Colleague: 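I have a structure I would like to understand better, so I am pasting it below and will then ask my questions one at a time.
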There are 2 protein chains.
Amino acid sequence: MATMQDVARLAQVSVSTVSYVLTGARPISQATRDKVLAAMAELDYQPNAMARGLASRRSRILGLLLPMDERGLGATETAFVTGAAAAASVAGYHLVLSPIGVGDLDELRRLASQRMLDGALLMEVQLHDPRVDVLRELGLPLVLIGRTADTTDLSYVDIDFDQTVEEAVGHLVALGHRRIVYVNHSAGTIAEGYGPATRTRDAFTIAMTGHGLEPLMIPAEDSAAGGRTALATALRQAPDLTAIIAMNENAVFGLLGELGGRGLSVPDDVSVVSMVTSPQVAELATPALTAMNSPGSALGRIAIETLLRHVDNANGEIHQQLLPCALQVRGSSGPPRTGSNTAGNTGADGDEPTVPSTEAARRRAATRRRA
Amino acid sequence: MATMQDVARLAQVSVSTVSYVLTGARPISQATRDKVLAAMAELDYQPNAMARGLASRRSRILGLLLPMDERGLGATETAFVTGAAAAASVAGYHLVLSPIGVGDLDELRRLASQRMLDGALLMEVQLHDPRVDVLRELGLPLVLIGRTADTTDLSYVDIDFDQTVEEAVGHLVALGHRRIVYVNHSAGTIAEGYGPATRTRDAFTIAMTGHGLEPLMIPAEDSAAGGRTALATALRQAPDLTAIIAMNENAVFGLLGELGGRGLSVPDDVSVVSMVTSPQVAELATPALTAMNSPGSALGRIAIETLLRHVDNANGEIHQQLLPCALQVRGSSGPPRTGSNTAGNTGADGDEPTVPSTEAARRRAATRRRA
DNA sequence: CGGGCTTGTCGAAGCGCTTCGACTAAGCGG
DNA sequence: CCGCTTAGTCGAAGCGCTTCGACAAGCCCG
């Protein structure tokens with residue numbers, strides 16, 4: 001393993017000159033630079049990261065703190081990670097992922113106070129996230145993916161839930177749907193103030209009342225079973241529903257399964273729009289899900305760029321940015337069977353069938369099969 | 001940020017003594033140790049990782065190199081990662097994940113030759129994996145998750161595909177199935193020698209012929225669409241099939257969707273067993289999938305322990321270990337509708353209906369719905 | 001044409017730790 | 001009672017790099 005000494009000797013310059021060639025901290029003449037680079041190439045020199053870090057007080061490592069629960073990383077998170085890693089690599093930084101959850105505060109403190117990280121990205125941020133406090137206290141540059149309740153002096157990038165929900169509702173209303181149910185994360189998750197859950201809930205209420213419609217939200221556990229239960233609840237509370245917006249990537253599969261089990265077809269009887277979903281996951285369902293595509297990769301890139309700005313000039317201004325998800329229409333949404341196909345905003349509802357759509361659909365389904 | 005100097009001064013000992021307390025490299029009297037520890041606590045001292053690394057030529061960081069394709073990390077991989085991270089933490093090491101694929105060889109070389117890693121775990125190993133060559137060349141301790149074609153002098157942990165396939169086939173045969181189709185990864189993946197795909201293919205052939213049955217393998221792209229196509233192919237090539245074993249976590253959903261679309265019920269018309277699947281994913285399907293649970297967390301722990309053994313004594317013997325997946329029966333497998341319910345090994349087949357089961361099933365399905 | 005710049009290079013002093021050799025004080029068998 | 005080992009501690013020499021101050025040139029401008 002060649003050291004800088006070796007390079008300097010071979011190039012017949014001083015160590016500091018070699019260092020300046022590497023870092024560009026001082027001007028170096030072209031002739032000298034060439035000599036040094038040639039020597040480096042010949043020796044296959046690689047700077048020692050530890051020595052660099054010690055001397056410069058910069059590790060050139062950024063941490064991505066991602067809690068790994070048993071659900072794994074969805075395609076959305078993965079896109080985010082790769083986007084961030086690519087951006088970091090371009091800037092000459094390494095991005096390391098650390099599976100540190102809200103529970104491992106000590107591990108986090110250790111990692112951060114050992115000065116191995118120049119900065120950190122926090123994923124799955126809670127409204128009151130103790131990790132934020134720990135890192136701020138240690139003075140580590142920080143960018144959130146998501147938002148805490150109080151975002152004063154904090155940089156973050158997040159999904160624009162308001163706009164995303166509005167677009168999802170708008171899509172269904174434009175198709176003619178009047179009775180739209182929102183399937184959220186679990187009641188517990190909402191109660192503990194998980195941002196995406198509470199923000200979409202509020203946005204849904206606003207969007208629906210804006211269209212003169214009545215908002216109905218159903219919480220669902222993050223599992224297939226939760227989705228099935230949620231559908232049952234939804235049909236009980238709104239037998240005339242024609243569309244469902246689902247925030248819950250896990251529940252949506254159970255929901256679809258239960259829909260099929262009850263003989264309700266998608267999208268003929270019920271349209272389904274999945275929120276914050278990656279194309280890969282949307283395609284898993286049959287029919288493929290109309291979904292709001294999450295801007296994972298862009299979020300990752302922006303987050304890293306923001307973080308690096310903080311790292312370079314410690315007093316950098318904070319940066320807060322929201323990105324909406326883009327609607328991508330696939331097979332799971334269409335006009336309601338009984339509804340008018342126009343996007344009237346007149347706000348009337350309930351002027352249609354007395355027979356619950358569940359029943360109607362069941363009969364229709366049987367008829368079709370017989371053919 | 002307190003340094004070791006500060007601690008030494010406060011405890012009225014030399015720096016080296018403080019260091020010995022920390023590392024245990026030399027004996028220290030209890031009295032001195034207590035003084036030092038008290039000083040550390042008072043100053044909230046945290047050793048500087050860079051300095052440590054530079055002086056000791058040990059970073060105490062292990063890398064987990066995981067290619068992140070657009071599919072994301074399944075629950076299986078996640079369990080592996082958390083298992084590994086926990087084991088590393090116990091040993092006083094950090095585990096950092098680096099989203100480095102087979103493409104980023106330069107990035108890998110950079111990371112490894114900068115001496116930031118004491119060792120590495122490689123996931124998603126290809127049969128001829130250039131990453132292995134790079135890392136061996138650099139002399140970095142290495143443990144594979146999966147296997148290359150030539151495993152001489154290489155430590156690895158992997159899933160015991162032979163036993164897993166055998167168990168899956170055994171389960172179905174015991175239920176009375178005779179005509180079992182294996183849906184693998186894509187033809188391309190198999191052709192390029194992806195270990196899990198080729199190993200399970202071979203194991204399937206052996207297991208089936210062992211039961212006196214004819215093995216039929218269908219490749220499928222890693223997507224829902226691939227699953228649908230595969231089902232169509234399977235029904236064409238084996239209209240009398242009563243069970244499917246699927247290796248392909250993505251395709252299995254499309255397969256189920258298509259099964260439903262054709263009016264074939266699971267498990268009554270077709271039993272489905274999913275290979276190497278986590279409980280969380282298995283539960284997503286309706287009905288929940290009978291699956292071979294992957295031993296993710298245990299694999300992670302064992303891999304780290306093996307790696308650490310290599311790190312501590314460079315000449316450590318290699319360690320190669322296989323772990324089988326455990327069969328977990330859920331709703332997607334049951335006795336075949338027409339088959340005898342015993343696990344006879346007589347090897348006869350095709351002594352049943354002339355009408356394709358597809359047709360029969362469709363009529364049955366319609367009948368049930370009418371009720 | 002001399003003082004003040006900028007440009008390019010060097011030497012040396014660390015960064016905060018580990019580790020080696022050396023030293024002292026016990027402990028112990030002969 | 002002497003030499004030997006062992007436990008316990010210290011000082012100093014690095015680990016491989018960055019960075020600061022110094023300095024030699026060359027340049028411009030009045």
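Just so it is clear: chains get the letters A, B, ... in the order the sequence lines come, proteins before strands, and each one is counted from 1. All figures in this text were calculated on a predicted structure; none of them were measured in a lab.
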Colleague: Which salt bridge (Lys or Arg N to Asp or Glu O under 4.0 Å) pairs, counting each pair once, include a residue from residues 2-17 of chain A, with sequence neighbours left out?
Modeller: A/Asp6-A/Arg9
Colleague: Report the C-alpha distance between A/Leu62 and A/Leu117 in whole Å, list the side-chain angles of each, state the deciding distance to 0.1 Å, and finish with yes or no for side chain to side chain contact (heavy atoms under 4.5 Å, CB included).
Modeller: CA-CA 5 Å; A/Leu62 303 176; A/Leu117 262 35; over 6 Å; no
Colleague: Run through B/Ile304, B/Leu322, B/Leu299, B/Leu323 and flag the one making a side-chain contact (heavy atoms from CB on, under 4.5 Å) with B/Val157.
Modeller: B/Leu299
Colleague: Looking at A/Gln12, I want to see if its CD is surrounded by more than 12 non-hydrogen atoms of other residues, nucleotides or ligands under 6.0 Å.
Modeller: no
Colleague: Determine the minimum heavy-atom distance between B/Val143 and B/Tyr156, stating which atoms define it.
Modeller: CG1-CA, 4.3 Å
Colleague: Across nucleotides 12-21 of chain D, 5' to 3', mark each nucleotide with B, S or - according to how protein heavy atoms within less than 4.0 Å reach it.
Modeller: --BBBBBBBB
Colleague: Using side chain to side chain donor-acceptor pair (under 3.5 Å) as the criterion, list what pairs up with A/Asp150, not counting sequence neighbours.
Modeller: A/Thr152
Colleague: Among residues 29-38 of chain B, which ones have heavy-atom contacts with DNA chain C below 4.0 Å?
Modeller: none
Colleague: For the residue pair B/Ser89 and A/Glu107, establish whether any side-chain heavy-atom pair is separated by less than 4.5 Å.
Modeller: yes
Colleague: For B/Val311 and B/Asp118, work out which heavy atoms get closest and say how close.
Modeller: CG2-O, 3.5 Å
Colleague: With A/Tyr45, which residues qualify under ring-ring contact (aromatic ring centres under 6.0 Å, His included), at least two apart?
Modeller: none
Colleague: Do you know which of A/His310, A/Gln320, A/His319 makes side chain to side chain donor-acceptor pair (under 3.5 Å) with A/Ser155?
Modeller: A/His310
Colleague: How sharply is the helix from C/dC1-D/dG30 to C/dG30-D/dC1 bent, taking the axes over five pairs at either end and rounding to 10 degrees?
Modeller: 30°
